[in-house]
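Below is one structure, written out as structure tokens, with a few remarks after it.
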Amino acid sequence: MQETSASIQITALPAFNDNYLWLIHAGKHALVVDPGDAAVVEQALEAGGYQLDGILLTHHHADHTGGALALQQHWHCPVYAPDNDHAAYRELNAFRVKEGDQITFSALPDLSCEVLSLPGHTLDHLAFYLNQQHLFSGDVMFGAGCGRLFEGTPPQMYASLQRIAALPSETLIYPAHEYTAHNIAFALTVEPENTTLQQRARNTALLREHQQPTLPTTLALEKATNPFLRCQSLAQQPAFYDWQPLDVFTELRARRNVF
Ligand SMILES: [Zn+2]
């Protein structure tokens, strides 16, 4: 559980094989990001004695949206979803949000949430930036990695990751999947001599041995170890010498697809 300012806390709810549904709670009030499985969320709400006051959806994939309708029907709470007409959102009574929108919750007055548009994994992908401290990055950025390009182009995804990289280094990042260990194994093929990455590999192995989440992560750690945020520095290294950073990104994403 991640302690934050005031009394806001953020808890990872494991679901499916490797998803995290992120529960944000303060007192008896809670929000959930990407509730792919309603039962997992209901169980956590009951265990904590929380009521659900809002649902935030980063993108249309079923493992992020599948539980939203059942939760909304039970709790009559607002849903905030990307502004497109994908079938995943159609039955929801959702507020459509986009880049630059600010979301507030009357039950959670200490909380402010800014919407970022980060296309690449899907074209509608959003991230939610909470209290200028916590970024819910969905499937754009993972621990030591990034999402696959299902709908967007490499330049779109690269720009989205650069957007995240421009946030303060102490930003805590909450990806929607536990992919860190496999991503680190790939990152070590790119930068085997990176000592921060080597240390992260050891820390990650220890956490996973004890079934602990490796997330949230910090932007500072990602900048030091995530190859998809390191394309500028990689472009100075012998393996990619004289490449453009975007070409390094495109090459790494292609290699990671088959790793
Ligand atoms: Zn996805």
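Hydrogens, waters and symmetry mates are skipped; everything else that's a heavy atom, side chains included, is used. Both ligands and their constituent atoms are indexed starting at 1 by order of listing.
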*Please state whether the separation between the Zn ion (ligand 1) and some N/O/S atom of H61 is under 2.8 Å?*
yes

*Using only N, O or S atoms, tell me which atom of H59 is closest to the Zn ion (ligand 1).*
NE2

_Angle at the Zn ion (ligand 1) (to 10°), with one arm to NE2 of H121 and the other to OD2 of D139_ = 90°

*Flag for D124-H60: side-chain donor and acceptor within less than 3.5 Å*: no

*asked:* Could you check whether any side-chain heavy atom of L252 comes within less than 4.5 Å of a side-chain heavy atom of V248, counting everything from C-beta outward?
replied: yes

*Could you tell me whether any N, O or S atom belonging to H64 is less than 2.8 Å from the Zn ion (ligand 1)?*
no

*Without hydrogens or angle criteria, can the side chains of R230 and N226 be said to hold a donor-acceptor pair below 3.5 Å?*
no

*Distance only, no hydrogens: is a donor on one side chain within 3.5 Å (strictly under) of an acceptor on the other, for E178 and T180?*
yes

